[in-house]
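Along the sequence shown, the residues carry numbers beginning at 1.
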Amino acid sequence: MVDPRAQRTIDALLSAAEELFAARSVADVTVEEIAATAGVAVGSVYNHFGSKAGLYAALVERAVVVDRQFMDLAYVEGRGPIEQLYAAADEYLAFYLANPEYFRMLAFPAEPGSYAAGQELADRFADSVDEQNRRMVDAIKRGIKAGTIRKVNAQELATVLWSSWNGIISLGWRQDRLQRNPRQLKRLLRAATDAFAHGLLVEQD
């Protein structure tokens, strides 16, 4: 069990890293900046994570786990493919509202820099996105197999839907009159998913 004081230091470092890595590349952020933002000694980074790369790796894994937890709530048994797509949109928005920096890291990752560890972690982000897109692809394919969704390229359509959700949710952090609040984002996601879902449905005679 981690000592409560040590856990507070770990949490402070992870929060500081979230903030800094969301805005700049991993290579551009220094250990000193992370420690200063967290309000702890520089040595704490090395004591708890071994290196900046180790801290970033821990942050990546935390973002991936949290994202999966939200999406698990969408892809549950008993829901049809189209219902799962609507639920996925709702949970993706919930993930963003609860963890905006994690969302940014996954949807719009910063430049990982030229060092190998940074690229490996960028690949981990991409793997997580691919994992969730595969679930969407599987839902579409199940609908095709059941005869409720017309024959389409499931991989391409899943990418279109996921990228449209990213674009819509990103309106939430605009700093001008085009910014949308959570209720508006929910309506826009529903509109996008409506258009997508109805375009997939097989026409009834």
Side-chain angles (χ1 to χ4, degrees), residues 1-73 90-133 162-163 165-176 178-182 184-186 189:
M1 183 175 180
V2 179
D3 177 76
R5 186 170 60 180
Q7 188 61 56
R8 286 194 294 272
T9 299
I10 291 170
D11 291 341
L13 286 169
L14 287 168
S15 295
E18 283 180 31
E19 177 185 340
L20 294 169
F21 291 150
R24 293 157 52 202
S25 74
V26 177
D28 287 343
V29 176
T30 67
V31 171
E32 288 76 15
E33 285 180 283
I34 296 170
T37 302
V40 301
V42 172
S44 296
V45 176
Y46 300 104
N47 290 338
H48 294 292
F49 299 100
S51 65
K52 180 175 67 173
L55 171 56
Y56 188 56
L59 192 58
V60 168
E61 289 306 317
R62 177 183 277 195
V64 167
V65 167
V66 172
D67 177 49
R68 185 182 298 117
Q69 289 171 343
F70 275 89
M71 301 314 292
D72 282 348
L73 299 175
D90 289 342
E91 293 302 332
Y92 200 40
L93 177 60
F95 168 63
Y96 159 70
L97 293 175
N99 306 274
E101 296 306 334
Y102 289 168
F103 171 82
R104 290 197 196 201
M105 290 174 70
L106 288 170
F108 302 99
E111 169 61 42
S114 58
Y115 67 103
Q119 187 56 56
E120 288 173 5
L121 293 170
D123 290 341
R124 182 72 181 91
F125 276 137
D127 288 344
S128 175
V129 171
D130 282 342
E131 175 189 351
Q132 300 311 324
N133 279 353
W162 167 76
S163 59
W165 289 346
N166 284 341
I168 289 168
I169 292 175
S170 71
L171 294 173
W173 68 67
R174 291 187 67 98
Q175 299 300 311
D176 57 18
L178 298 180
Q179 184 184 58
R180 296 294 185 267
N181 62 40
Q184 292 169 322
L185 292 176
K186 187 176 181 66
L189 285 171

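E101 meets the side chain to side chain donor-acceptor pair (under 3.5 Å) test with no other residue; sequence neighbours excluded. For Q132, the side chain to side chain donor-acceptor pair (under 3.5 Å) criterion is met by R135, not counting sequence neighbours. Scored by the side chain to side chain donor-acceptor pair (under 3.5 Å) test, N99 finds no partners at all (sequence neighbours excluded). Partners of D11 under the side-chain contact (heavy atoms from CB on, under 4.5 Å) rule, at least two apart in sequence or in another chain, are Q7, R62. Every residue two or more places apart in sequence or in another chain that forms a side chain to side chain donor-acceptor pair (under 3.5 Å) with E61 is listed here: R124.
Remark: side-chain polar atoms of K52 are paired, donor with acceptor, to backbone N or O of V29 under 3.5 angstrom. A donor-acceptor pair is defined here as one N or O able to donate and one able to accept, closer than 3.5 Å; no such pair exists between the side chain of R174 and the backbone of G172. Counting only distance, with no hydrogens or angles, the side chain of S15 and the backbone of A12 share no donor-acceptor pair below 3.5 Å.
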Inset, instruction - In sequence, state the C-alpha distance, the side-chain angles, and the governing distance for V129 and D67, and then conclude on side-chain contact (heavy atoms from CB on, under 4.5 Å). - result: CA-CA 9 Å; V129 171; D67 177 49; over 6 Å; no
Inset, instruction - Any chance you could lay out the side-chain contact (heavy atoms from CB on, under 4.5 Å) test for V31 and F49, step after step, and finish with the verdict? - result: CA-CA 11 Å; V31 171; F49 299 100; over 6 Å; no
Inset, instruction - Applying side-chain contact (heavy atoms from CB on, under 4.5 Å), run through M71 and R68 and close with a yes or a no. - result: CA-CA 5 Å; M71 301 314 292; R68 185 182 298 117; 5.8 Å; no
Legend entry - side-chain contact (heavy atoms from CB on, under 4.5 Å) evaluation trace for L13 with I34: CA-CA 7 Å; L13 286 169; I34 296 170; 4.0 Å; yes
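Between F70 and A98, the shortest heavy-atom contact is CZ-CB, 3.9 Å. What you find for A58 and L14 is that their closest heavy atoms are CB-CD2, 4.2 Å. Among all heavy-atom pairs drawn from Q184 and R180, the shortest one is OE1-CA, 3.3 Å.
Here salt bridge (Lys or Arg N to Asp or Glu O under 4.0 Å) pairs that include residues 26-42, with residues two or more places apart or in two chains, are R24-E33.
For Y92 and F103, the ring centers are positioned less than 6.0 Å apart.
L171 has its side chain within reach of L185: a pair of non-hydrogen atoms, C-beta onward, lies under 4.5 Å apart.
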